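Given the structure is predicted, the values throughout are model-derived calculations rather than measurements. Heavy atoms only: backbone and side chains are in, while hydrogens, waters and symmetry mates are out. Along the sequence shown, residues are numbered consecutively beginning with 1. Just so you know, ligand 1 is whichever comes first in the structure, and atom 1 is the first atom listed for that ligand.
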Amino acid sequence: MLNRPLTLILGFFLILLLVWWQRPEPSTEVARTALIMGTLVEIKVVGTDVKNIERAISAAFAVMRDEEQRFSPEIETSQISAINKATGPVAVDAQVVEVLHLGLKVARESHGAFNMGLGGLVKLWNFQALHPQAPTEEQIRALIPVSPENQLEIKGMQVKRLDPRVQLDLGGIAKGYAVDRALEVLRAAGLVSASINAGGDIGLLGGHGERPWKIGIQHPRKAGELLATIELRERAIVTSGDYERFFMQDGVRYHHIFDPQTGMPARGCQSVTVIAATVGEADALATATFVLGPQAGLAFLEKYPDVEGLIVAADGHAVMTSGLKDRLKWR
Ligand code: FAD
Ligand code: MG
């Protein structure tokens, strides 16, 4: 029979061992990046099972690569390229139909400010060229896009161009949609705290561990500096700006967000940040708002009950939706 003190000591160590055994795994943060859709995509996950996290991050990148293969106008074999080449109906995947319907909805609600049929203009302006040049007025006029309601016929999983001039380019919505698909992969892997940032299109799963995510909004005219920060959980936040893809020519800034009426870069804003439930929707709304300009853009965003937005106008002053006022921390 053990003497009493020894029993107590052993008991104590046994409890210690049990507590140690039951201790919650320490949670770690895993961050990985990949170049997808011409953009650096960063995935951050906070969790305890590092093996599961690594597996889920690889699967999420793979899903984004799949969407790139589906949607890229730069890939000959993509479904968007197939639609742009065909005269008759093209059989596409459900993801393409889903994005086209969302894009046409935002096009309707923004009175054509959002227009997925700008592929000819995007190719003409060619921002990826070594020395991009502003095209001539004639060249631009020849490529003014068909209005969205006269572009496509979507029947089930078949999509047909209604006008041979239509050239689809989903650069303003498909990157955000791909982030949504990747978030679903992380969610399905049982993860509850993650962020995916694809060139300013950000989707958030839960909070940053126990805290909200602290998201910085890029200053549109001071590279590397923040305009403001905001704390968010389980939301999408997307910024469209004239400082991403642009060139200066004779003192004029030419950038990649076009006013479909003129075929020229939209002139009303420097940047637009939209917070919404999904990254695809926020992506399209940010592009549409940018084209509408500060006044019409703010009225447009206010129509969406669960959407918030910050607009930096061309002269640098900022306007925002009512629900955003006390949530931004200005730098
Ligand atoms: P946003 O404001 O979200 O969108 C601007 C983009 O939307 C423009 O680049 C144009 O594509 C389009 N757009 C312009 N005006 C309008 C408008 N009024 N309405 C609707 N859309 C408009 N870039 C590369 O350099 N290399 C690649 O290989 C490459 N592959 C890509 C593959 C896919 C599937 C996608 C979606 C994008 C790809 N990109 C690639 C990036 C693409 O070229 C755009 O620059 C990018 O999507 C812009 O996103 P943003 O959030 O910066 O701008
Ligand atoms: Mg966008």
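As for Asp283, its N/O/S atom nearest the Mg ion (ligand 2) is the one called OD1.
Annotation: atom 15 (N) of ligand 1 to nearest protein heavy atom, Phe258 N, 3.0 Å. With hydrogens left out, the protein atom closest to atom 41 (C) of ligand 1 is Met37 O, 3.6 Å, a heavy atom. In terms of protein heavy atoms, atom 3 (O) of ligand 1 is closest to Asp283 OD1, 2.8 Å. Atom 22 (C) of ligand 1 has as its closest protein heavy atom Leu118 CD1, 3.6 Å. For atom 14 (C) of ligand 1, the closest non-hydrogen atom on the protein side is His256 O, 3.1 Å. Ranking the protein heavy atoms by distance from atom 24 (C) of ligand 1 puts Arg245 NH2, 3.3 Å first. Counting protein heavy atoms only, atom 26 (N) of ligand 1 is closest to Gly38 CA, 3.6 Å.
For ligand 1, the polar-atom distance check finds an N/O of Asn115 within less than 3.5 Å of one of the ligand's N/O atoms. Inclusion of Met116 in the set of residues having an N or O under 3.5 Å from an N or O of ligand 1 is not warranted.
At a cut-off of 2.8 Å, Asp201 is not counted among the residues with an N, O or S atom near the Mg ion (ligand 2).
Proximity of Glu74 to ligand 1, defined as any heavy-atom pair under 4.0 Å, is confined to the side chain (atoms from C-beta onward). With a heavy-atom cut-off of 4.0 Å, Ile75 does not touch ligand 1 at all. Neither the backbone nor the side chain of Ala288 comes within contact range of ligand 1; no heavy atom lies under 4.0 Å.
Atoms CZ and CG, from Phe290 and Leu285 in turn, are 15.0 Å apart once rounded to the nearest 0.5 Å. Taken to the nearest 0.5 Å, the OG1 atom of Thr321 stands 3.5 Å off from the CD atom of Glu308. One distance of note links CD of Glu29 with NE2 of His208; it measures 3.5 Å at 0.5 Å rounding. Atoms CG and CE, on Leu310 and Met320 in that order, are 6.0 Å from each other to the nearest 0.5 Å. The distance from the OG1 atom of Thr229 to the NZ atom of Lys329 is 6.0 Å, given to the nearest 0.5 Å. Annotation: the span from Asn197 atom CG to Leu204 atom CG amounts to 9.5 Å, rounded to 0.5 Å.
The pair Arg65-Glu68 fails the salt-bridge criterion, with no side-chain N (NZ, NE, NH1 or NH2) lying under 4.0 Å from an Asp/Glu carboxylate O.
If you number the atoms of ligand 1 from 1 as listed, the ones under 4.0 Å from a heavy atom of Gly172 come out as 3 (O), 4 (O), 6 (C), 7 (O), 12 (C). Under a 4.0 Å criterion applied to the non-hydrogen atoms of Asp169, ligand 1 contributes the atoms 10 (C), 11 (O), 12 (C). Taking every heavy atom of Ala174 and a limit of under 4.0 angstrom, the matching atoms of ligand 1 come to 36 (C). Listed by atom number, the atoms of ligand 1 under 4.0 Å from Gly171 heavy atoms are 3 (O), 4 (O), 6 (C), 7 (O), 11 (O), 46 (C), 47 (O), 48 (C), 49 (O). Each of the atoms 1 (P), 2 (O), 3 (O) of ligand 1 lies under 4.0 Å from some heavy atom of Ser240. Within ligand 1, the atoms closer than 4.0 Å to a non-hydrogen atom of Phe71 are 34 (C), numbered from 1 in the order shown. The contact set between ligand 1 and Val291, taken as ligand atoms under 4.0 Å from a residue heavy atom, comprises 18 (N). Heavy-atom proximity to Lys175, at under 4.0 Å, picks out these atoms of ligand 1: 36 (C), 46 (C), 47 (O), 49 (O), 50 (P), 51 (O).
Under 3.5 Å, the side chains of Glu76 and Ser81 contain no donor-acceptor pair of N or O atoms. Side chains of Tyr304 and Glu109: a donor on one and an acceptor on the other come within 3.5 Å.
By the 4.0 Å heavy-atom criterion, Gly176 is excluded from the residues contacting ligand 1.
Just one of Gln79, Lys175, Gln95 meets the side chain to side chain contact (heavy atoms under 4.5 Å, CB included) condition when paired with Phe71; it is Gln95. Each of Arg70, Glu67, Glu98 was checked for a side-chain hydrogen bond (donor to acceptor under 3.5 Å, both in side chains) with Tyr177, and the lone residue meeting it is Glu98. If you run side chain to side chain contact (heavy atoms under 4.5 Å, CB included) between Phe258 and each of Ile140, Asp169, Val291, Leu118, only Leu118 comes through.
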request  = Give the C-alpha distance, both sets of side-chain angles, the deciding distance and a yes or no for side chain to side chain donor-acceptor pair (under 3.5 Å) between Ser72 and Glu74.
outcome  = CA-CA 5 Å; Ser72 174; Glu74 323 212 352; 5.4 Å; no
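Ring geometry for Phe127 against Trp125 counts as parallel: the plane angle stays under 30°, on a 0 to 90° scale with 60° as the upper cut.
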